Visitor: 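Here it is, the structure, as structure tokens.
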Amino acid sequence: MKKVFFVIFAMLTVAMMVLTACAPAAVPTPEKVVETVVVEKEVEKTVVVEKPTEAGELNIWGFYDLTNTEDSRPVMLKQAIDSFQATTGIKVNYEQVAWDQMAKKVALAAQSGGDMPDLIMIAYEYVQGLVNAGALMDIKSQIESTFFYNDLNEFEKMLNEEKGKRYAVGTFVGGGNWYYDVEMLPNGLPAQANDWMAECERLKKEGKFLATFFAGRHSAAVQQGLAPLVWSAGGQIFDEEGKPVFANEATVEAINWWRTLLQNKCVPEVAFTGDWSATEAPFVDRSAAAVRGGTWSYIYITGLKERFESGKVKIGVPPGMKGNQGYVFMNTETWAVTSGAKNVDNAIAFINFFYNPAVLAPWAKANYGIPATASALQNPIFESQFYADSRDNLTKHGHKSDVSPYYNETMDALAAVTQELVLNPSLDVMEKLKQAQDEILTKYW
Amino acid sequence: MKNKNSFYPYLLTLPAILFLMLVSLYPTLYSFYLSMTRSKQGITEFVGLRNYEVILRSSDFRQSLQLTIIFTVFYVFLTVAIAYILALMLNRGLRLTGIYMTIIFLPWVLSEITSGVVWRWMFYQDYGILQNLIGPILGGKAIITTNWGAMAIVITATTWRSISFAMLLLLAGLQTVPREIYEAASIDGSGGWSTFWRITWPLVRPTTIVTIVFITIQAINGVGMVLAITEGGPGRATEILGVHMYREAMEFFNFGYAAALSVVLLIINIILAAFYLRSMQQESALAS
């Protein structure tokens with residue numbers, strides 16, 4: 001008898017496990033309410049938000065730890081979420097995911113059929129990869145009907161709208177900035193790559209490097225460093241279809257210039273081998289006169305903000321090739337709705353809330369980026385030298401990154417081969433570039 | 001009654017079998033399925049054996065395979081050799097053995113990423129302590145920036161981390177050898193080297209083979225330390241198969257291609273496991 005009971009118990013346990021695993025997630029019954037609410041707390045201006053027809057939940061994955069009160073970004077995000085909840089009655093479930101883990105986690109959730117958040121914070125360069133993985137939703141029609149759509153600046157639209165589709169909406173726009181030490185480079189950064197050698201020789205005698213920049217084994221090294229040189233030299237990384245075409249003379253020229261800089265000790269070797277902070281260290285300790293960073297570097301490079309505000313550091317022109325003008329890449333941090341979102345309307349409602357100038361302007365300021373809407377940019381908090389110079393730099397030199405279904409794969413392959421070529425000058429540049437390009441074409445096209 | 005009894009053991013093991021199928025067999029089968037798909041612009045399509053065909057034609061794969069073989073040979077040889085020496089020393093019942101064991105085990109207790117980052121820092125040009133010590137002997141070149149240097153650092157670091165695990169297995173094997181055999185050999189006038197070759201080595205050989213197979217599988221599947229130290233660079237100089245697969249899956253989200261790579265790794269591991277089982281069977285036959 002005991003055996004029979006035991007067998008029944010075992011079978012029931014297994015059955016329960018299977019049923020629990022297969023059970024659909026509980027969906028809260030939404031309350032249908034339509035009302036207009038006026039918010040007068042937490043923000044500087046009065047915010048008018050229409051309550052969505054279906055209150056309920058909103059699951060957000062963001063970069064910041066909302067319990068952190070030391071950093072203004074999580075503080076602002078928490079205030080925005082609290083205000084949004086109070087205004088709309090929508091319950092926000094927030095989960096922190098590190099910025100460089102976000103794309104992996106979302107892609108894995110999409111692939112495995114696991115629970116996905118409704119809304120994610122994601123950097124522009126990861127969007128295309130997530131689109132490929134089927135993890136993001138085209139939100140063009142929803143965003144077009146928002147109050148802020150016509151207010152979005154040209155940078156944001158250039159970056160996030162492609163072939164009639166939009167998978168993300170940028171909150172602020174940033175990009176590459178070349179910062180230089182005024183005392184070490186009194187005439188500023190030379191506008192042409194060829195003119196760098198004279199300054200390099202002068203600084204070498206003082207035991208200094210002319211510049212440092214991140215050019216390691218990472219797609220960002222190409223996106224931020226090599227690609228602007230290739231564009232300036234008249235080349236392309238991708239063609240119109242998004243196929244890699246980087247095995248061209250412009251890329252050869254750009255790589256050869258990097259080789260020259262390294263061989264002549266104009267840049268430290270760590271630029272090609274170290275991580276972000278290691279490559280920036282020579283600028284921090286003033287053993288390098290310039291650094292290629294970005295608008296975000298204002299927060300991340302130690303002492304940069306103080307040096308800039310005291311006039312010791314300025315934003316310079318990016319190096320141009322073959323007498324052409326130099327470029328810097330443009331980037332944006334975005335909100336994106338996932339393909340597995342269960343509360344799409346609530347996600348759009350949150351985006352709508354977030355784009356109110358009273359919320360968006362301080363958010364962009366906290367990130368030292370240029371707000372994505374024209375009205376937010378009118379805020380007096382952007383009246384500083386840093387914003388004026390950064391805007392000027394992006395307007396004159398900003399270049400949109402190319403788009404390809406295999407963007408990250410191509411950039412990584414190019415980063416790997418570039419690193420190899422720069423560190424080993426005996427290798428034939430064109431031959432290795434063709435080999436890397438053919439590999440991408442064979443593998444993905 | 002007889003039928004009921006023969007059915008009963010299967011029923012008892014059913015929950016465990018179902019659980020194993022759920023957590024082990026299903027993911028394996030799903031990997032096979034995934035390896036025959038490809039995602040582009042959010043659309044997943046069935047491509048049959050195309051991913052395998054691409055793997056066979058890929059120069060990146062061939063390079064990764066070569067690097068994996070180089071890495072595995074050096075890593076396994078160094079790990080097992082050093083672990084064997086340490087195990088032999090500790091088996092002699094030295095004083096303060098507990099302290100030695102603790103020191104040897106520290107690297108194993110540390111996380112792969114933490115250890116890897118520390119190793120990377122030690123080889124930074126201008127700042128790294130080991131770079132400053134060894135660099136001048138090698139002409140001042142940053143060791144981690146050279147292909148051979150990066151591979152040497154990765155092999156050294158992974159060996160350093162795995163020695164304790166291999167040593168524990170070998171020490172357990174050494175402690176199963178009866179003391180009486182050594183005493184008898186000593187009475188018969190056998191020297192240290194002769195005792196090792198004629199007694200210790202043959203008796204510990206099954207454990208040694210198990211250790212070699214475990215460490216080899218670990219080498220082939222290894223990702224964490226390499227990613228933390230070199231991220232596969234410079235260029236692709238340390239991009240072993242595990243790292244190559246990790247990049248395809250976790251950086252490019254090409255789950256189909258990465259799954260095909262994982263199947264290739266699975267086949268290599270199965271061959272090694274078969275070798276291990278066969279060796280064990282031969283040893284058992286010899287022993288009996």
Side-chain angles (χ1 to χ4, degrees), chain A residues 3 6-7 10-11 13-14 17-18 21 103-104 106-108 110-112 129-138 167 216-219 268-270 272-275 278 281-282 287 339 405-409 412-413 415-424 432 435-436 438-439 442-444, chain B residues 4-5 7-8 11-19 22 30 34 38-44 51 53-55 57-61 63 117 120-121 123-128 141-142 144-147 150 230-239 247-257:
Chain A
K3 284 178 183 173
F6 187 80
V7 170
M11 291 177 76
T13 308
V14 172
M17 282 169 68
V18 172
K104 292 173 197 174
V106 175
L108 274 178
Q111 180 63 40
S112 63
L130 286 179
V131 172
N132 274 347
L136 298 184
M137 181 183 282
D138 179 8
Y167 292 93
R217 169 74 196 275
H218 197 284
S219 56
E269 195 165 77
V270 74
F272 297 95
T273 56
D275 59 18
S287 57
S339 55
Y406 297 109
Y407 181 81
N408 283 330
E409 293 85 333
D412 180 77
V417 74
T418 301
Q419 192 184 40
E420 197 180 349
L421 288 165
V422 172
L423 295 173
N424 188 351
K432 292 292 284 183
Q435 199 181 322
D438 288 346
E439 176 76 16
T442 307
K443 204 185 277 183
Y444 304 114
Chain B
K4 192 182 171 186
N5 275 344
F7 180 60
Y8 185 64
L11 266 180
L12 282 180
T13 53
L14 187 65
I17 289 168
L18 284 174
F19 184 72
L22 193 72
Y30 185 68
L34 208 57
R38 185 171 91 146
S39 289
K40 191 176 176 184
Q41 297 287 305
I43 298 161
T44 303
N51 286 327
E53 185 199 328
V54 172
I55 285 175
R57 282 196 289 149
S58 164
S59 60
D60 285 354
F61 172 76
Q63 189 184 359
V117 168
R120 187 172 68 193
W121 285 349
F123 282 94
Y124 267 164
Q125 198 186 20
D126 303 329
Y127 311 100
K141 182 87 179 161
I144 205 163
T145 66
T146 59
N147 290 1
T230 62
E231 295 180 55
R236 293 188 189 275
T238 54
E239 194 170 291
R247 276 190 191 284
E248 289 293 340
M250 295 294 136
E251 288 187 12
F252 311 144
F253 317 128
N254 294 323
F255 295 107
Y257 186 78

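Being a predicted model, the structure only gives us computed values, none of them experimental.
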Visitor: Between A/Tyr407 and chain B, with a heavy-atom cut-off of 4.5 Å, which part of the residue counts as in contact: side chain, backbone, both or neither?
Guide: neither

Visitor: For A/Leu421, which atoms come within 4.5 Å of any heavy atom of chain B: side chain, backbone, both, or neither?
Guide: neither

Visitor: Could you check which of A/Ala278, A/Ala416, A/Ala436 has the highest count of heavy-atom pairs closer than 4.5 Å to chain B?
Guide: A/Ala416

Visitor: So what's closer than 4.5 Å to chain A heavy atoms on B/Glu248: side chain, backbone, both or neither?
Guide: side chain

Visitor: One pair to check against side-chain contact (heavy atoms from CB on, under 4.5 Å): B/Asn254 and A/Lys443. What are the steps and the verdict?
Guide: CA-CA 11 Å; B/Asn254 294 323; A/Lys443 204 185 277 183; over 6 Å; no

Visitor: With side chains defined as the heavy atoms from C-beta onward, is the minimum distance between B/Met250 and A/Leu108 less than 4.5 Å?
Guide: yes

Visitor: Counting heavy-atom pairs closer than 4.5 Å to chain B, which one of A/Thr418, A/Val417, A/Asp412 comes out on top?
Guide: A/Asp412

Visitor: Of the non-hydrogen atoms in A/Tyr406 and B/Ser39, which two are nearest, and what is the gap between them?
Guide: OH-O, 3.8 Å

Visitor: To the nearest 0.5 Å, tell me how far A/Ser219 OG sits from B/Phe252 CZ.
Guide: 7.5 Å

Visitor: Could you tell me which portion of A/Ala413 (side chain, backbone, both or neither) has an atom closer than 4.5 angstrom to a non-hydrogen atom of chain B?
Guide: both

Visitor: In terms of heavy-atom pairs under 4.5 Å with chain B, which of A/Glu420, A/His218, A/Glu409 leads?
Guide: A/Glu409

Visitor: What part of B/Ile55 is in contact with chain A, defined as an atom under 4.5 angstrom from a non-hydrogen atom: side chain, backbone, both or neither?
Guide: neither

Visitor: Measure B/Tyr257 against the heavy atoms of chain A and call it side chain, backbone, both or neither at under 4.5 Å.
Guide: side chain

Visitor: For chain A, which of B/Ser59, B/Ala249, B/Ala142 has the most heavy-atom pairs under 4.5 Å?
Guide: B/Ser59

Visitor: Determine whether A/Arg217 and B/Glu239 satisfy the following criterion, salt bridge (charged side-chain N to carboxylate O under 4.0 Å, His left out), listing intermediate values before the conclusion.
Guide: CA-CA 11 Å; A/Arg217 169 74 196 275; B/Glu239 194 170 291; 2.8 Å; yes

Visitor: In terms of heavy-atom pairs under 4.5 Å, which option from A/Glu269, A/Lys104, A/Gln111, A/Glu439 contacts chain B the most?
Guide: A/Glu439

Visitor: What closest approach, in Å, do B/Phe253 and A/Ala107 show between heavy atoms, and which atom pair accounts for it?
Guide: CD2-CB, 3.4 Å

Visitor: Identify the heavy atoms of A/Thr273 and B/Thr145 that sit nearest to each other, and give their distance.
Guide: CG2-CG2, 2.7 Å

Visitor: Between A/Ala281 and chain B, with a heavy-atom cut-off of 4.5 Å, which part of the residue counts as in contact: side chain, backbone, both or neither?
Guide: both

